[in-house]
Amino acid sequence: MRRKLVVGNWKMHGSKTAIADLLSKLPHTGLSNTEVAVCPPFVYLQWVERQLAGSAIALGAQNVASALQGAYTGEVSATMLRDLECRFVIVGHSERRALFGESNTDVADKTKIALEQDLIPIVCVGESLAEREADATLEVIGAQLDAVLAVLDRAQVSRIVVAYEPVWAIGTGRTATPEQAQAVHAFIRDRLASIDPAAAAKTRILYGGSVKADNAATLFAQNDIDGGLVGGASLNAEEFTAICNAAG
Ligand code: PGA
């Protein structure tokens with residue numbers, strides 16, 4: 001039985017005041033079947049880490065450099081994220097791919113380096129609307145996933161989290177139907193199983209893209225949906241708490 005995971009991706013939102021208010025309203029005592037994490041912007045990581053002392057909520061980052069140290073102005077390394085007690089890091093979010101030119105190879109490098117530094121990478125994959133309409137969804141996701149799997153050994157496959165986020169559903173209020181999402185999740189698990197079936201059975205595959213309190217339960221009830229990567233709704237304590245509760 002895979003433990004569900006709900007991750008709040010705060011993107012470039014927040015201030016100390018807003019974050020303190022949000023954190024004060026989240027469920028810190030823990031849910032038996034669900035792990036919860038929040039991913040603040042880099043500058044707030046250490047501060048949020050202190051606020052989370054004694055909390056069951058884990059810390060994650062939204063991005064990581066593909067090098068460990070050196071002359072990379074503006075970048076943050078996996079070692080630094082571990083140093084700040086991060087457990088998770090999002091890699092290859094569609095906004096990173098679209099706005100900052102991250103390629104499948106960059107995403108693979110980041111995934112590898114995160115694992116080597118003992119972080120759990122949340123590897124994002126997803127098709128655009130044009131790709132879905134051209135019936136290229138599985139081809140696109142297969143290529144995004146294969147690039148990552150090519151650099152991992154079998155033991156590492158069960159340590160990654162995959163997030164399926166259809167680009168057309170992110171921040172749009174338009175969610176994939178549970179059936180559409182489940183079909184892609186099953187495809188992803190099959191692809192992982194081609195490397196190692198036992199590992200694939202353990203890998204958590206999250207859905208992301210306009211997850212809200214009122215659609216979370218149906219999405220999370222699908223066989224291969226192991227939780228959510230939540231953007232907009234994670235900034236609202238009541239919504240996010242309801243989503244965590246829907247996971248169990
Ligand atoms: P959304 O974002 O929930 O606002 O659609 C999801 C994400 O980008 O991770």
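All ligand and atom numbering here is 1-based and tracks the order in the structure. Computed from a prediction, not measured in an experiment: that's the story for all the values here.
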Region of I170 that comes within reach of ligand 1 [heavy atoms, distance under 4.0 Å]
both
Residue, atom and distance of the protein heavy atom nearest atom 3 (O) of ligand 1 read G231 N, 2.9 Å
Out of the candidates T203, D224, N223, only one should pair with R189 under the side chain to side chain donor-acceptor pair (under 3.5 Å) rule; please name it.
D224
Could you tell me which atoms of ligand 1, counted from 1 in the order shown, lie closer than 4.0 angstrom to a heavy atom of G232?
1 (P), 3 (O), 4 (O)
Option nearest atom 8 (O) of ligand 1 (shortest heavy-atom distance, choices K212, H93, E165):
H93
Between E95 and K11, is there a side-chain N and carboxylate O pair less than 4.0 Å apart?
yes
Before accepting this row, confirm whether a basic side-chain N of the pair E102/R97 lies closer than 4.0 Å to the acidic partner's carboxylate O.
no
Is the shortest side-chain N to carboxylate O distance from D153 to K112 below 4.0 Å?
no
Plane angle bin for Y164 and H185 - parallel if under 30°, tilted between 30 and 60°, otherwise perpendicular
perpendicular
Which ligand 1 atoms does N9 reach within 4.0 Å, using its non-hydrogen atoms?
9 (O)
Can you list the ligand 1 atoms lying under 4.0 Å from a non-hydrogen atom of G209?
5 (O)
Short N or O distance, V230 and ligand 1, threshold 3.5 Å exclusive
no
Can you sort out which atoms of ligand 1 are near G171, meaning under 4.0 Å from one of its heavy atoms?
1 (P), 4 (O), 5 (O)
Determine, for D196 against R154, whether the closest basic-nitrogen to carboxylate-oxygen distance falls under 4.0 angstrom.
yes
Give the contacting part of A169 toward ligand 1: side chain, backbone, both or neither, where contact means a heavy-atom distance below 4.0 Å.
backbone
Does K11, backbone or side chain, put an N or O under 3.5 Å from an N or O of ligand 1?
yes
Show the numbers, then the answer: is there a side chain to side chain contact (heavy atoms under 4.5 Å, CB included) between Q117 and L81?
CA-CA 9 Å; Q117 297 306 310; L81 297 179; over 6 Å; no
